[in-house]
Amino acid sequence: MAKTDIGPPDYKTMLPPVIARNYGKWRYHEIPQPGLLVHTAESGEKLYSVRAGSPRLVSTDHIREICAIAEKYCDGYLRFTSRHNIEFLLSDKDKVTPLLAELESKGYPVGGTGHAISNIVHTQGWVHCHTPATDASGPVKALMDEIYDYFVTMKLPNHVRIALACCLNMCGAVHCSDIAILGIHRTVPKPDNTRVPNVCEIPSTVASCPTGAIRGDMKNKTITVNDEKCMYCGNCYTVCPAMPIADPDNDGISIWVGGKVSNARSAPSFSKLAIPFLPNNPPRWPEVVDAVKNIIEVYASHARKHERVGEWIERVGWERFFTLTGIPFTDKHIDDFDMATETFHSSTLFKWE
Amino acid sequence: MAKTDIGPPDYKTMLPPVIARNYGKWRYHEIPQPGLLVHTAESGEKLYSVRAGSPRLVSTDHIREICAIAEKYCDGYLRFTSRHNIEFLLSDKDKVTPLLAELESKGYPVGGTGHAISNIVHTQGWVHCHTPATDASGPVKALMDEIYDYFVTMKLPNHVRIALACCLNMCGAVHCSDIAILGIHRTVPKPDNTRVPNVCEIPSTVASCPTGAIRGDMKNKTITVNDEKCMYCGNCYTVCPAMPIADPDNDGISIWVGGKVSNARSAPSFSKLAIPFLPNNPPRWPEVVDAVKNIIEVYASHARKHERVGEWIERVGWERFFTLTGIPFTDKHIDDFDMATETFHSSTLFKWE
Amino acid sequence: MAESKTPLLDQLEGGKWPSFVKDIKQAAEKKPMAEDLLQQLELSYKDRIGHWKHGGIVGVKGYGSGVIGRYSDRPDLFPNVQAFHTMRVNHPTGWFYKTDALRHLCDVWDKHGSGLMNMHGSTGDAILLGTTTDHIQPCFDDLTEAGFDLGGSGSALRTPSACVGPGRCEWACIDSLDICYNVTMSFQDKIHRPMFPYKFKIKVSACPNDCVASIARADFSVIGTWKGDIRIDQGEVEAYAASGLDIQKEVCDLCPTKCMELDGKKIKIYNKDCTRCMHCINLMPKALRQGEEKGATILVGGKAPILQGALLSWVIVPFMKLEPPYEELKDLVLRIQDWWDEYGKSRERLGELIKRLGMRVFLRAVGLPAVPQMVKAPRTNPYVFFWPEDIKKEVK
Amino acid sequence: MAESKTPLLDQLEGGKWPSFVKDIKQAAEKKPMAEDLLQQLELSYKDRIGHWKHGGIVGVKGYGSGVIGRYSDRPDLFPNVQAFHTMRVNHPTGWFYKTDALRHLCDVWDKHGSGLMNMHGSTGDAILLGTTTDHIQPCFDDLTEAGFDLGGSGSALRTPSACVGPGRCEWACIDSLDICYNVTMSFQDKIHRPMFPYKFKIKVSACPNDCVASIARADFSVIGTWKGDIRIDQGEVEAYAASGLDIQKEVCDLCPTKCMELDGKKIKIYNKDCTRCMHCINLMPKALRQGEEKGATILVGGKAPILQGALLSWVIVPFMKLEPPYEELKDLVLRIQDWWDEYGKSRERLGELIKRLGMRVFLRAVGLPAVPQMVKAPRTNPYVFFWPEDIKKEVK
Ligand code: SRM
Ligand code: SRM
Ligand code: SRM
Ligand code: SRM
Ligand code: SF4
Ligand code: SF4
Ligand code: SF4
Ligand code: SF4
Ligand code: SF4
Ligand code: SF4
Ligand code: SF4
Ligand code: SF4
């Protein structure tokens, strides 16, 4: 019989000795070059962290390769970051340059620190989930190839956090990203009346709809959807598998901007809609890649140092954001969910463009 | 048979000649002393407006007295302001000083201009309405007596607009005032089951409740109120007279601060709850007068020049507002209506006091 | 000496601020109605509760609005206010009066009512405070004879109002008075005959200072504004500085968009960033003048809290030129009212209907394009509706 | 040469960013499961649609969570992914690994699964991507043997996560790693056996930079903060200036509360006004250090959009000292979960329940006092509820 409830391994057993010795007694850090963090402890000891990009979806052999590198340079100590990068943890300064050389030779991008674009937090997509409106790993790879340079340098006004979620469930902190890439459906789910009675619980299906578009049809033990009230969130499908929502022609991607999580300077905030819809165009999603690149470049050339995307937009105004990026403003940008009115301009304080 | 639909008199027939001549061609204004506005037209002509306070609830004889003054100094031309002050409109500079003297001798307060407290916009109260939770003219008189000095001088950081409404219907722009005085009920209305069937329409009574506290009891042709869901707004009473809500012991006054209407500097905004409840203590409402005076004085001594009450509070923070005024913060200050969550602090960016 | 019958109210006769009690007493000398009002009010002060019954419907021939019915709940004690209705009289736009007109009004009211009035009500009417049911029609006849008409009440267009604007103010970007008067005259029918789901208010301020508080309390708010650069008279800038104004601190530092710089003694404005807040102009009217292209921002939806919470009006047209006869403006009002009339529930204000059905639906129905100026920021939730034609278009 | 069976995915092998397609192909060399995944994914790329069925419930003995069931909708074409379940493995706190542990994990997964994994999932688990129903239990047995346990899924406590904090960072105000580990170990039962109305997430960041995004995606967010004055080393301030940092522009001007002044070469901070945003400290870690009294702000309610819209967590305890064994913290978690358990509807997150019943009700239920730090501003609507005892108290 297997042991249960043992919990994860104790992290203390995973800490490199330099960390164990200086735990909680760090004094300051420096970023001498992209991808290299140097933390100095009160004791004067230093920890070198080398950050490398990862596709997140990895093979065991890939992990073994990473282990081998860590064993060679880091006495076998490494960690992953909250954005799924790999961090090699070194106490020996002399090993930093050789490590960087090996990583380069093996094609690991080193960077993601400071005023850079870090790894794109993303989700399962067509690789494993049942509700995606787009793939996750594919668009991420296509985009990162194009904005690679921003990962290995630190030349942006501030860091830019990009995230992708393949459906409105928004696994990951997509909703608070500098730039969020979000898969959306646009087809009203059609209940399959032959299956609903067997596989779905009517009341919970009705309750699952945020806009009250679903009504129970108790007589036929099924449900009906009011097309006009449905905004294709897919939540009913989560609860009731007999309401498929995916549709190759109308599924696609929306782009959101200006969210943040940190409390630095300004409060954490949600990303706001920039582009309501772009088509799914595998394998390289050119429309999506271009749209995101455009936003990054306009930001890079207009924002002031230390301004996050959202802080920049707040300063210059959303009118200006749409003018500068050339993104058309539509009625879809105007909120119509429950707290919509809070987003309406109730003053004459706007800009002409 | 009477004429109908003639509309109001044409305002053009009411304009003093100096205005008619310079209509739309004013160049600038000055406020040489409290209560005196001097507008200079492009032509170089000047209009002198002398502003005097009014109780708003006036007798015909009082109006005739005003008319007599206007005839003596202003060729019979005067106007009222959007805050119910009287404005004597003069083209002859020499008549200004004698007019001021006569107004003083007759007890008319002259002021309300610039960085002053102007007249308190208010409503009917016990004088004429059927839903008041307090009187209107009484608290206004009691308060203006005490803050009179701020009307006849211009020594505040900016103007302070005070308004009073005697119930949650909020006749007047009470909800966007620097300081709002608002009558509130605190008793759940008791439907009079003998009268409801005759005088009330059940569906509209049910629909009238913002919090859904009312249920129809179709069998007995009456309605029931869920005490826990009722916040005593009185809207049901407006629709259904058989649900009286007034109660001497639980009716009273709440105080709201920091609203504004102008677009100057910051956007128009609602007033926010400062004091949930003060008792009705006629004839001079000492608790209310003291509370408002305290807020004005704390504002006067802490705000920067040109800061409205709300702008000052936003700068120093609500934590500080409560500390400085000594007003206790309670769970009633935390919103729980439909967009409550927008007011919650979702950041760590607050002050300790 | 006899003891006062109004010991509580008497305490409101003293003090420096003009006393409404004095005015009621003054009227009471001539009018038993005013005397009973005084006594009933004293009772309210004693009981700490109002003594009026829920209003009944009274009115004049041909109109459905303009009179608010009111009855005492103690007619036994105060028979002269058993009925005590108010007449709402539409004020002359801008609240300008020649005294002869005002005296006329007083005479009519002495003849028919309590001799007490509110100058003015919060919507802007001259409120004639208290008359009997019998007197309503004759009073109305005499009012129209004197050139006055009733204002709105009930589910009607309410008496529109406007700031003094071009009548006196150097900042008027639109002719608030003429617009208000024109609208009032054009929509007389809507004022007098309630046909809407609920009340509808129109207020016109000629600049963003919004001296008639239109954004806070009008379903349809018209607020003057401008395009083009703020005109600067640098000589007058220096004069203000010389007179003691700290331009850096009081003007530039408080500019909300920080688009203003003091360059030595000269002011420089990055007009592209200016949101026309008026602050700098308010402080230096001689030195700074608005840009030359004038017009108005149109906003809708403002209202007090009942039912769904208070709303401030929302921008629906960032800029509209307004020249007589204001057809574009009035046409928009009509399109909006038609839509509201069709979809609004009973007692649902325009803002609440837009909130319920969505700005998107509203804009399409009244034929206005979506522009970024309408929002503080785009939506944050992903619950986006697409129009049927959006979907088809994307299908390949 | 044979034509590639995956012409679309092949196009994602090039480019500078590491390719997941390469990894799948690498696994496919050993594992038919990975090969079929590759082929099914190619089909998805061709069809522009996913090919997984709605998940079914699978699991290990004694647990209700930790495994996500998944089945292909084309088992005819891809029999090796007919069942393709994921195992969520609770990561070592802070995502620290010694390579032997990691190699162990790889070995287990090569034995039982597809040889593909996510390092890590968005909640923080190591996601073992794809195994058959048969292998779930044996895989779990081998995992626990190797010292690993499953993480949360379903209506359970999800795997808590924490920023690197004291492990490396000079700004850690709390021991994020120890707190997270302690909570994880204390609440094992809640992680493995779903008993809540819906999921519940706990994340711990040791300072307001919030590197684990707890405010955006945790029902219960713990964020380190401090009291007391920011400690300034004026010598280091000068050194930063000398090194090219424009302290006025980059630091002082961007301080959100403008509570910081550059006085010649020295920095002065009005700490009373500081909201501890970290900006100045972020820019000058050598020169500025947080105040000495350390603790955490507790916030609740964060979540993604489904059902009622996304929420950021809300402050419920401005400052709590956090020392092992963190009883005050865990006790609060329990009180909150109890209340949520009692009143929450199925699939109603904590934030949504608070939204529905009111912060007032929540605070009273869990025994927390109302303080101004909880709100950006007090309420604007007058729909104030009074407690029964408030009313009685006022009656005279
Ligand atoms: C390693 C990591 C924590 C972990 O436990 O894994 C981490 C580590 C550091 N963060 Fe972070 N942050 C990490 C995720 C985050 C996140 C979460 C996220 O991105 O999902 C945030 C919030 C993001 C947001 O606001 O949307 C975050 C917001 C910050 C900030 C605030 C920056 C700002 O101006 O908003 C700082 C301060 C700074 O960079 O000056 C910071 C600073 C730091 C420092 C300098 C702290 C220190 O002294 O060690 C570390 C190096 C930063 C760098 O990469 O330049 N860290 N940091 C995470 C690395 C993720 C990655 O691989 O890129
Ligand atoms: C006469 C009147 C318009 C009317 O048609 O009746 C008026 C007249 C003027 N207003 Fe006003 N305002 C009048 C009500 C308002 C209101 C509405 C209200 O109070 O209900 C507001 C919005 C109030 C609010 O924001 O809550 C208002 C916000 C302003 C402002 C913006 C001040 C600010 O910093 O927020 C200015 C600019 C200024 O004072 O520098 C202004 C400026 C002016 C000027 C200087 C305009 C001018 O050049 O003639 C006028 C003299 C102001 C003074 O009294 O110091 N007026 N003004 C109203 C006088 C009411 C009274 O008796 O006190
Ligand atoms: C007389 C006046 C107050 C005053 O002393 O100045 C007044 C008096 C009444 N108002 Fe008002 N309102 C008056 C201006 C306002 C304003 C201000 C404005 O128009 O600028 C508002 C806020 C703006 C708005 O409309 O949202 C206002 C918002 C209300 C409401 C709440 C409406 C809402 O949608 O939130 C009600 C409730 C109702 O209609 O059932 C209401 C209802 C009433 C009633 C008819 C009472 C009722 O429940 O039926 C009051 C009759 C009192 C009486 O016996 O004379 N009154 N009412 C004002 C009209 C005088 C005039 O014509 O000039
Ligand atoms: C695997 C993972 C995505 C990833 O690739 O990283 C994931 C995958 C799924 N999530 Fe998630 N969520 C994952 C992290 C998140 C996060 C991020 C977080 O935890 O920090 C969120 C946003 C935060 C939050 O909880 O609000 C998230 C919000 C959701 C939601 C929306 C919940 C809500 O209240 O709004 C759903 C829908 C549901 O529960 O029915 C959902 C549902 C799902 C399901 C179970 C699909 C479903 O409808 O039942 C997905 C299974 C995919 C699969 O086949 O493997 N997932 N999900 C993440 C978990 C891995 C791990 O354990 O480390
Ligand atoms: S975002 Fe949606 S589709 Fe993507 S993994 Fe999460 S639940 Fe699945
Ligand atoms: S997709 Fe969303 S909005 Fe449409 S019916 Fe389903 S739950 Fe409702
Ligand atoms: S605020 Fe209320 S009580 Fe006062 S006049 Fe208006 S409706 Fe009547
Ligand atoms: S007073 Fe207001 S909240 Fe109470 S039952 Fe009546 S309408 Fe509802
Ligand atoms: S709103 Fe503007 S134009 Fe009208 S009176 Fe006020 S300041 Fe003058
Ligand atoms: S009008 Fe306002 S925003 Fe424009 S320059 Fe003047 S102060 Fe600045
Ligand atoms: S949240 Fe703060 S303490 Fe934790 S890693 Fe980030 S910067 Fe360091
Ligand atoms: S922590 Fe933020 S608020 Fe405090 S002094 Fe530094 S920059 Fe200013």
Side-chain angles (χ1 to χ4, degrees), chain B residues 2-9 11 14-15 19 23-24 26-29 39 55-64 67 70-71 76 78-80 82 126 128 130 132 137-138 141 144-145 148 168-173 175-176 210 235 241 246 248 261-265 268 280 282-283 306, chain C residues 8 11-12 15-18 20 23 26-27 44-45 48-50 52 54 62 90 92-99 102-103 106 109-110 115 118-119 122 141 144 147 149 166-168 170 177 184-185 188 208-213 215-217 254 256 277-279 285-286 304 306-307 310 312:
Chain B
K3 293 173 278 184
T4 62
D5 299 283
I6 62 168
Y11 68 99
M14 305 279 173
L15 300 177
I19 289 189
Y23 192 87
W26 299 97
R27 186 52 204 87
Y28 63 87
H29 77 277
H39 286 83
R56 193 181 83 120
L57 197 179
V58 287
S59 67
T60 45
D61 286 343
H62 187 162
I63 295 289
R64 287 192 185 94
C67 289
E71 282 148 7
L78 78 160
R79 73 181 288 268
F80 293 84
S82 62
W126 294 331
H128 200 267
H130 57 183
S137 307
K141 161 73 176 151
M144 283 308 286
D145 279 347
Y148 181 88
L168 263 52
N169 283 337
M170 287 206 195
C171 302
H175 54 307
C176 296
N235 201 38
V261 164
S262 80
N263 289 278
R265 297 169 306 284
N280 270 333
H306 305 297
Chain C
L8 293 171
Q11 294 178 52
L12 289 172
K16 286 185 165 180
W17 190 253
F20 71 100
D23 277 68
Q26 194 173 37
S44 284
Y45 270 56
R48 291 175 295 129
I49 199 164
W52 300 106
H54 200 286
N90 197 330
T93 309
W95 300 286
F96 281 98
Y97 289 93
K98 227 178 147 336
T99 49
L102 210 43
R103 285 183 186 277
C106 292
W109 195 233
D110 275 345
N118 286 134
M119 293 302 274
S122 321
D141 296 348
T144 49
D149 197 348
R168 186 173 70 190
E170 67 266 35
L177 299 175
T184 306
M185 296 309 286
Q188 278 295 301
N209 282 328
D210 197 1
C211 292
V212 76
I215 205 166
R217 52 193 190 121
L254 296 180
C277 84
M278 288 294 298
H279 174 71
K286 282 191 199 175
I306 302 298
L307 189 71
L312 288 161

Ring geometry between C/Y97 and B/F80 (parallel below 30°, tilted from 30 to 60°, perpendicular above 60°): perpendicular

Heavy-atom pair with the smallest gap, counting every atom of C/R168 and B/H39: O-CD2, 2.9 Å

Most chain C-contacting option - heavy-atom pairs closer than 4.5 Å, from B/P268, B/P241, B/A246: B/P241

Approximate separation, where rounding is to 0.5 Å, of B/H175 NE2 and C/L312 CG: 6.0 Å

Which portion of C/T184 sits near chain B, non-hydrogen atoms under 4.5 angstrom: side chain

Plane angle bin for C/H279 and B/H306 - parallel if under 30°, tilted between 30 and 60°, otherwise perpendicular: perpendicular

Closest heavy-atom pair and its distance - C/K16, B/K141: N-NZ, 4.5 Å

C/F20 CZ to B/R56 CZ distance, which is reported to the nearest 0.5 Å: 11.5 Å

Reported CG-to-NE2 distance for the pair C/D23 and B/H62, which is rounded to 0.5 angstrom: 5.5 Å

Residue C/M119 versus chain B: region with a heavy atom under 4.5 Å: both

Nearest heavy-atom neighbours spanning B/P8 and C/D149: N-CB, 4.4 Å

Option that, when pairs with chain B are counted at under 4.5 Å, heavy atom only, ranks first among C/P18, C/C211, C/P256: C/P18

Side-chain donor or acceptor of B/R265 paired with backbone N/O of C/C277 under 3.5 Å: no

Over all atoms of both residues, closest heavy-atom pair of C/A216 and B/V261: CB-CG2, 4.1 Å

Over all atoms of both residues, closest heavy-atom pair of B/N280 and C/R48: O-CD, 3.2 Å

Spacing of B/T60 atom OG1 and C/L102 atom CG [to the nearest 0.5 Å]: 10.5 Å

For chain B, the option from C/G115, C/A213, C/G62 that forms the most heavy-atom pairs under 4.5 Å: C/G115

Interface residue of largest heavy-atom contact number with chain C, from B/A70, B/G24, B/G76, under 4.5 Å: B/G76

Most chain C-contacting option - heavy-atom pairs closer than 4.5 Å, from B/S137, B/C176, B/S262: B/S137

Side chain / backbone / both / neither for C/I215 at chain B, heavy atoms under 4.5 Å: side chain

Closest heavy-atom pair and its distance - B/Y11, C/T93: CB-O, 3.3 Å

Options C/T144, C/L8, C/N90, C/N118, ranked by heavy-atom pairs under 4.5 Å with chain B, top entry: C/N118

Rounded distance (nearest 0.5 Å) linking atom CG of C/D210 with atom OG of B/S82: 9.0 Å

Contacting moiety of B/Y23, where chain C heavy atoms sit under 4.5 Å: both

Distance (rounded to the nearest 0.5 Å) between C/K98 NZ and B/L78 CG: 10.0 Å

Among the listed options C/A304, C/G167, C/P92, the residue most often paired with chain B at heavy-atom distances under 4.5 Å: C/G167

Residue selection (most heavy-atom pairs with chain C, distance under 4.5 Å) from B/P210, B/C171, B/P9, B/A264: B/P9

